[in-house]
Structures are given as C-alpha cells and as structure tokens.
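Sequence lines set the chain letters: A, B, ... in the order given, protein chains first and strands last, and positions in each chain run from 1.
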There are 4 protein chains.
Amino acid sequence: MSREKSVDKRQRILDAALRVFAERGFYTARVSEVARAAGVADGTIYLYFQNKDDLLIKLFEDRMDFLIRRLNEDLAEMGGTCAERFGRLVHLHLVLSTEATDLAEFITVELRQSQKFIKEYGNPRFQEYLSIIRGIIEEGQGDGSFRPELDARTVVRAIFGALDEALLALTLAHRRGREVDVARAASDLATLLLGGIRAD
Amino acid sequence: MSREKSVDKRQRILDAALRVFAERGFYTARVSEVARAAGVADGTIYLYFQNKDDLLIKLFEDRMDFLIRRLNEDLAEMGGTCAERFGRLVHLHLVLSTEATDLAEFITVELRQSQKFIKEYGNPRFQEYLSIIRGIIEEGQGDGSFRPELDARTVVRAIFGALDEALLALTLAHRRGREVDVARAASDLATLLLGGIRAD
Amino acid sequence: MSREKSVDKRQRILDAALRVFAERGFYTARVSEVARAAGVADGTIYLYFQNKDDLLIKLFEDRMDFLIRRLNEDLAEMGGTCAERFGRLVHLHLVLSTEATDLAEFITVELRQSQKFIKEYGNPRFQEYLSIIRGIIEEGQGDGSFRPELDARTVVRAIFGALDEALLALTLAHRRGREVDVARAASDLATLLLGGIRAD
Amino acid sequence: MSREKSVDKRQRILDAALRVFAERGFYTARVSEVARAAGVADGTIYLYFQNKDDLLIKLFEDRMDFLIRRLNEDLAEMGGTCAERFGRLVHLHLVLSTEATDLAEFITVELRQSQKFIKEYGNPRFQEYLSIIRGIIEEGQGDGSFRPELDARTVVRAIFGALDEALLALTLAHRRGREVDVARAASDLATLLLGGIRAD
DNA sequence: GATGAATGAGGGTTCATTCAT
DNA sequence: TATGAATGAACCCTCATTCAT
C-alpha cells in the first residue's frame with residue numbers, strides 16, 4: 001500500500017477519533033468505536049498510534065496545528081488594527097461551534113481533561129495558540145492602543161478562558177438544536193474584552 | 001452507628017474523593033483509592049453513594065453548594081457597589097488556587113469532563129453559580145454602572161470562563177511550586193473585566 | 001472470609017493450575033481455564049497471584065517444596081546405605097508417573113520451558129532438589145562406597161536427567177493407558193546408575 | 001526466482017528460527033522476529049511453512065536430521081568397540097553446547113515443550129536419535145560387553161536423559177560466559193554411564 | 001452499618017495469518 | 001515469488017460492584 005494511502009488511513013482514524021471522542025468523551029469512548037467509525041479493523045489503529053493515549057495526543061496536536069495555521073493565515077492576510085484583528089480572532093474561535101462542532105466540543109471538553117495534557121504532556125500546541133493571542137495583545141500594548149499596565153499573560157489566559165467557555169456554551173446550544181447567533185456572540189464578546197483591554 | 005457518625009463518614013468519603021479526583025482525575029481514579037483515602041472499605045462507599053458516577057455528582061453538588069454559600073454570605077455582608085462586589089467575587093474565585101487547591105483543580109478540570117454533567121445531568125449548581133455573577137451584572141446594568149447593551153448571558157459566561165481559566169492557570173502554577181500572586185491576578189482580572197462591562 | 005478459606009482458595013487455584021498446565025501446557029492454557037477448573041472467577045486468580053507468570057512460578061515452588069519435603073522425610077526415616085537410599089530416591093521419583101501424573105507431566109515438560117525458570121528466575125527449588133541427590137552422592141564418595149574421582153556436579157546432573165527423562169517416558173505411557181511397571185523401571189534405573197557410580 | 005534461491009530462503013528462515021527460538025522460546029518468539037532475523041517479509045514465511053507450528057516442526061526435523069546424519073557418519077567411520085563408540089556419542093552430544101549453542105538450547109529446551117511434539121506429532125526424529133543409542137547398547141549386549149539383563153529401552157531413555165540434561169547444563173553455563181570443559185564432562189559422563197551398562 | 005473477598009463483564013492490545021499489489 | 005499493511009479473533013487483566021459475614 002502506498003504512502004499516500006497510509007497517510008489517508010491515518011487521517012481517517014484521526015477524523016473518526018475526533019467524532020467519537022467529541023460524542024462520547026475520551027475515557028468513555030472505545031477504541032473499537034473509533035475503528036468502526038474509521039472503517040478499519042481495531043488492530044489497524046495500532047499501526048498508526050502507539051495506544052489510545054497516543055491517539056488522543058496526536059489528535060490534539062493535529063487539530064491544534066490546523067487551528068493555529070488557519071488563525072495565522074487568516075490574521076496574516078487581513079492586516080488592520082490590533083482591535084480589528086482581535087475581533088477577527090474572537091469570531092474565528094466562536095465560529096467553530098457551528099462550522100466544526102465536533103472539533104469545538106473536543107477542544108472545549110477534552111482539552112482540560114487528561115492529566116496527560118495539562119500536567120505531564122505539557123501541551124505545547126495549547127501554548128502556541130495562546131501565543132497568537134498574546135502577540136496581538138502585546139502589539140496593541142506596544143502601539144499604545146491597549147492598556148500597558150495589565151500583565152499580558154493574565155490577560156491572555158483570561159481571554160482564552162472567556163473564548164473557550166463561550167465556545168462551549170455555543171456548541172452545546174448548537175448540539176441541542178437551538179438557534180445560535182454566532183456573529184452576535186462574537187460581537188458582544190469582542191466588545192466586552194476590548195473594553196477591558198483598550199486604552200482610554 | 002449514630003446518624004452523626006454516618007454523616008461524618010459520608011463527608012469523609014467526599015473529602016477523600018475530592019483529593020483523589022483532583023490528584024488522579026475521575027476516570028483514572030479507582031474507587032478503592034477513594035476508599036483507602038477515606039479510611040473505609042470499598043463497599044462502604046456504596047452505602048452512601050449509588051455508584052462512582054453518583055459520587056462524582058454528589059461531590060460536585062457538595063462543593064458547589066459550599067462555594068455558592070460562601071460567596072453569597074461574603075457578598076451579602078460586604079455591601080458596596082456592583083464593581084466592588086464584582087472585584088470581591090473575582091478575588092474569592094481565584095483565592096481557591098491556594099486556599100483550596102484540590103477543590104480548584106477538581107472544579108476546573110472535572111467540571112467539563114463528564115458528559116453526565118454537561119449534557120445529561122444538566123448541572124443546576126453550575127447554573128446557580130453563574131446566576132450569582134449574573135445578579136451582579138444585571139444589578140449593575142440596572143443602576144447604570146454597567147453597560148446595558150451587552151447580553152447578560154454572554155457576558156456572564158465569558159466572565160466565568162475567564163475566571164475559570166485563570167483559576168486553572170494559578171492552581172497548576174501553585175501545584176508546581178511556583179510563587180503565585182493571587183491578589184495581583186485578581187486585581188488585573190477585575191480591572192480587565194470591569195473595563196469591559198463598565199459604562200463609560 | 002477467614003484466612004483459612006483464603007488459603008484454601010489459593011491452594012485450589014494451584015491445584016487447578018497444575019491440572020490445566022499439565023494438560024494444555026503453560027502457554028496454551030488460558031487463565032480462564034484455570035479459573036473454571038478451580039471453580040472461581042477469572043479475577044479471583046489475580047487476588048492470589050500477580051499474573052499468569054507468577055502463577056506458574058508459585059505453582060512450581062509449591063510443588064517442588066512438596067517433593068523436596070516428601071523426599072527428605074522419606075529418606076530421613078529410612079536410614080540404610082547410600083546405595084539403598086539412592087534406590088529409594090529413584091523409586092520415589094518415578095512413582096510420580098502413576099501416583100501424581102499431572103505433577104509428573106508438569107515437572108518434566110514445564111520445568112525447562114520458560115526462560116523465566118531457567119534463565120531469569122534462577123530456580124532455587126530445582127537446585128534444592130539437585131542438592132538432595134548430591135548429598136547422597138557425596139556421602140557415598142565420603143564413605144568409600146561411591147567412586148570418588150567423578151565430579152559430583154556432573155554426576156548429579158546426569159542422574160537427574162536420567163530420572164527426569166525416565167519419568168517423562170513413564171508418564172506419557174501411563175497417560176496413553178499403557179501398563180507401566182514402575183517398580184521394574186526403578187529397579188533397572190537404580191541398577192544402571194549405581195553401576196556407574198559404585199566403587200569397584 | 002530460481003529453485004536454488006528458494007531453497008536458500010527456506011534455509012535462511014530455518015536458521016533464523018533456530019536463533020530466535022533459542023533466544024526467546026517458541027511461544028514468546030514472534031513470527032515477525034523470525035522474519036526480520038531471516039531478512040524476509042512476514043508473509044514470506046508462509047510461502048515455505050504452513051504456520052508457526054509447522055515452522056517449529058520443520059525446524060526440529062531439519063536439525064534432528066542434521067544431528068542424526070552427523071552422528072551416523074561419525075560413528076560409521078570410526079569403527080571401534082561399543083564402549084568407544086558410546087564414548088564418542090557422548091562427546092558428540094555434549095560438544096553442541098559450545099559448537100552449536102543455539103541448537104543445543106533449542107533441542108534441550110524446546111524439545112519437551114510442545115504437546116504437539118510429544119503427543120500429537122509423535123516425534124519420529126527423536127525416536128530415530130534414540131535408536132542410534134539403542135543400536136550401540138544392543139550391539140554391546142549382543143557381543144557380551146554390556147550387561148544383557150537391563151531393558152534396553154529403559155537404559156536408552158535414561159542415557160538420553162542424562163545426555164540431554166548435561167547438555168542443558170553445559171549450554172546454559174556457556175551462555176553465561178562460564179568456562180566449560182566439555183571434554184572433561186564427556187569423559188565423566190561416559191565413565192559413569194559405561195560403568196552402569198558394562199558387563200563385569 | 002461495615003467489611004473486603006469475590007465476581008465477571010468488558011476493553012485495550014497483541015500477533016498469527018492473509019491477500020492485494 | 002515477495003511484500004507488509006491490514007485484519008480481527010483471542011486473551012490477559014482491571015476494577016466497579018455485590019453480598020455473605
């Protein structure tokens with residue numbers, strides 16, 4: 001089987017794992033469920049991943065890489081003020097709730113879950129995501145548009161928390177079939193957070 | 001055995017579960033570990049709780065009740081403006097990172113974890129906690145000190161997210177033995193969030 | 001459950017393991033087969049033994065202890081010359097083929113099998129069994145009834161090999177329902193081996 | 001690929017299997033390990049052997065054929081008395097411990113292992129090897145140099161047992177890097193066994 | 001109530017074997 | 001022939017839960 005197809009199969013397993021983990025949660029999900037969802041045999045998963053934990057880690061890395069790349073590309077091509085870029089970031093984050101519901105649920109619910117992520121694994125991709133936010137904040141502080149006296153790390157962490165929780169709320173609402181006005185939520189959230197960081 | 005002692009034992013199990021779940025995570029933790037930590041036999045846990053899930057739910061309710069009561073009492077006796085009360089709330093939330101580290105870790109990490117909480121269980125205590133924040137926001141919007149055009153629900157959710165994430169960051173930092181300036185963080189966070197919601 | 005009964009259950013598992021391992025071989029045997037043969041649940045085995053390997057080791061130790069004790073007691077009370085004692089030892093070894101067929105098959109087939117026994121585990125009980133034979137040989141060399149120029153270790157090893165192989169042959173014959181004249185075989189074997197070690 | 005090369009590959013697999021089975025034991029060894037050691041793909045093994053069991057059987061036959069042929073040729077060209085031929089046989093058996101360590105370990109450890117060999121498979125090559133020993137014994141009994149009253153089958157079996165155990169002991173000692181005096185051991189063993197079978 | 005030995009369903013993982021290339 | 005990715009049956013072991021004491 002060609003390298004092409006192998007990459008394909010690995011990706012299919014990751015895609016399936018995303019769906020299954022989002023639906024059932026990592027610990028509740030069965031490896032055999034992921035296999036079935038991917039259309040492969042149970043054993044095949046172990047050709048591409050060391051074990052169930054490794055699948056979680058690799059899935060997390062894969063999707064964070066995707067989000068980080070998408071965010072970087074989008075912000076790179078838009079230009080604009082820090083405030084505008086910040087608003088764009090908020091929008092891009094929240095829009096996952098409807099455009100990539102599984103991913104949104106996976107990120108919001110599973111990110112904190114495992115000791116492996118938060119403690120042992122260290123989670124560099126998460127740090128990278130935070131550093132994108134931080135970049136905007138510090139740029140704004142540098143050009144005088146954002147309040148300089150606030151500790152950027154605290155601010156960034158708070159902003160991510162606000163985004164993440166909002167995303168969770170929107171995602172669950174969307175899952176339950178409720179109408180979700182992502183644009184409005186993004187607008188409100190951007191207003192709120194910008195109000196807090198903007199220099200007078 | 002008297003009612004007194006039974007209540008005692010139930011509480012001992014809850015306390016042990018908090019420690020063990022904070023340390024190991026709900027799914028990774030073993031019922032026998034909770035039993036050992038509580039100084040009771042494995043079977044005893046099932047005299048007070050239906051099963052492991054029920055233990056998690058009851059623990060969550062128990063600690064949220066504690067937090068809610070503490071918060072309500074503290075806010076009730078302090079009086080002051082909405083902004084002052086909001087600042088107090090932020091401080092009380094973050095101070096858990098050093099004064100109740102296990103609880104902080106449990107809340108921040110386990111709260112999102114189980115589908116049972118978020119979807120099936122519905123999680124009324126969490127809603128109650130949110131409603132305390134909401135009360136302050138709406139009161140502030142009512143008396144003109146807070147910006148009225150923001151959707152209170154979105155704001156509340158974002159604020160909780162910011163608090164929760166900040167608490168997580170502080171808790172993990174504390175766990176790793178790093179010096180943590182809770183007061184500073186609380187001050188920064190209050191400034192940030194108040195800046196966002198305060199009327200001009 | 002009392003200590004008494006636990007010991008009982010542990011022994012029941014060992015007895016069952018002996019039967020199953022003799023019948024099926026260690027690697028081919030399933031833990032669940034041992035459990036069924038012992039009349040316990042699969043998991044119960046793991047209350048008394050760390051894992052399948054440990055069960056094998058403990059079984060080996062248990063039965064070797066039994067054989068060693070039996071041999072020592074029997075030889076202790078019989079007295080007699082070294083040659084007579086040697087003849088008795090041969091008889092006691094071979095009689096296992098009909099009086100403890102499972103044990104005979106287990107010892108002859110499984111003793112050499114596992115790396116764990118021969119290499120890693122080191123196998124002190126086996127050494128102890130050899131030392132009983134060695135004691136007789138060296139005593140005989142000491143009192144001039146056995147040839148002193150032979151290296152006792154080589155002799156002992158060869159004697160054990162002869163006994164073991166003879167036991168295997170008798171056991172398999174017995175298993176196949178053939179008439180087995182253990183006394184004759186023991187007599188021939190004793191004659192043969194004594195002829196080799198006896199001083200002229 | 002020519003017949004020549006195929007035979008080559010079959011032999012390479014057998015050689016690899018000998019090494020791997022000696023090192024790891026049949027049940028612990030993986031087919032993929034044999035394949036890697038042979039420098040072929042896993043599937044290739046199944047072009048030459050029906051399955052893992054068959055590989056073991058064929059390997060056993062191959063090496064026993066080798067031993068039997070070597071023994072027959074060596075004994076045929078040496079001539080001499082039965083006692084001398086017997087001494088030669090002992091030496092040839094034990095010398096495997098240093099000149100063909102893997103083979104020695106394979107024979108001594110794996111020969112008894114599988115029920116398949118002892119019960120189902122019946123093991124004609126092993127019988128053939130025994131019959132060589134038996135030939136010498138019976139010839140000696142016929143010409144009056146060996147004691148005629150001993151049952152040849154019992155004697156042969158005992159002799160093989162002694163040889164086999166001695167070979168195992170020497171092989172393991174050699175594996176552990178200890179100095180092994182094969183000639184001395186062979187001499188002692190021949191003396192011992194001849195003393196037992198020789199007519200007075 | 002309290003115990004903890006016993007249970008046994010269930011799941012992650014392995015690995016002999018197959019078969020499309 | 002040869003390959004090695006893919007398969008999936010099988011098995012060891014765990015651990016939440018029960019229940020006789």
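Between D/K9 and F/dA2, a side-chain N or O to OP1/OP2 separation shorter than 4.0 Å is present.
Remark: A/F49 pairs with no residue by the ring-ring contact (aromatic ring centres under 6.0 Å, His included) rule, at least two apart or across chains. Residues meeting the side-chain contact (heavy atoms from CB on, under 4.5 Å) test with C/D102, sequence neighbours left out: C/L18, C/R19, C/A22, C/R175. Residues that satisfy the side-chain contact (heavy atoms from CB on, under 4.5 Å) test with A/D65, not counting sequence neighbours, are A/R69, A/R125.
As rounded to whole Å, 13 Å separates atom P of F/dT1 from atom CG of D/D8. Distance B/F26 CZ to F/dC15 P: 13 Å, rounded to the nearest Å. The interatomic distance linking B/D54 (CG) with F/dT17 (C1') rounds to 14 Å, in whole Å. Atom pair B/I45:CD1 and F/dT18:C1' shows a separation of 14 Å (rounding to whole Å applied). In this structure, the CZ atom of A/R36 is 14 Å from the P atom of F/dT7, given to the nearest Å. Between the P atom of F/dT17 and the OH atom of B/Y48 lies a distance of 18 Å, rounded to the nearest Å. Here F/dA5 presents its P atom at 15 Å from CZ of A/R10, a figure rounded to the nearest Å. In this entry the distance linking CD1 of D/I13 with C1' of F/dT3 reads 13 Å, nearest Å.
Geometrically, D/K52 does not engage D/Y46 in a cation-pi contact defined by less than 6.0 Å to the ring centre and at most 45° from the axis. Judged by the 6.0 Å and 45° rule, B/K58 forms no cation-pi pair with B/Y48.
Between B/E105 and B/L168, the closest side-chain pair of non-hydrogen atoms is not below 4.5 Å. Side-chain contact between A/V109 and A/T171: absent, with no pair of heavy atoms (C-beta onward) separated by less than 4.5 Å.
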*Assign a letter to each nucleotide of nucleotides 9-14 of chain F from its 5' end: B, base within under 4.0 Å of a protein heavy atom; S, sugar-phosphate only; -, no contact.*
--SSBB

Would you give me the side-chain donor-acceptor pairs under 3.5 Å for residues 30-41 of chain D, sequence neighbours excluded?
unit_1	atom_1	unit_2	atom_2	d
D/R30	NH1	D/Y27	O	3.4
D/R30	NH2	D/T28	O	3.3
D/E33	OE1	D/R24	NE	3.1
D/E33	OE1	D/R24	NH2	3.3
D/E33	OE1	D/R30	N	2.8
D/E33	OE2	D/R24	NE	3.0
D/E33	OE2	D/R24	NH2	3.0

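Stem analysis of DNA chain E (at least three stacked-register Watson-Crick or G-U pairs, each with both distances under 3.5 Å) gives E:2-21 with F:2-21.
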*Could you walk me through whether A/D15 and A/R10 pass the salt bridge (charged side-chain N to carboxylate O under 4.0 Å, His left out) check?*
CA-CA 9 Å; A/D15 292 346; A/R10 190 189 129 98; over 6 Å; no

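Heavy-atom nearest nucleotides on DNA chain E were determined for C/L47 and for A/T44, and the one closer to the 5' end corresponds to C/L47.
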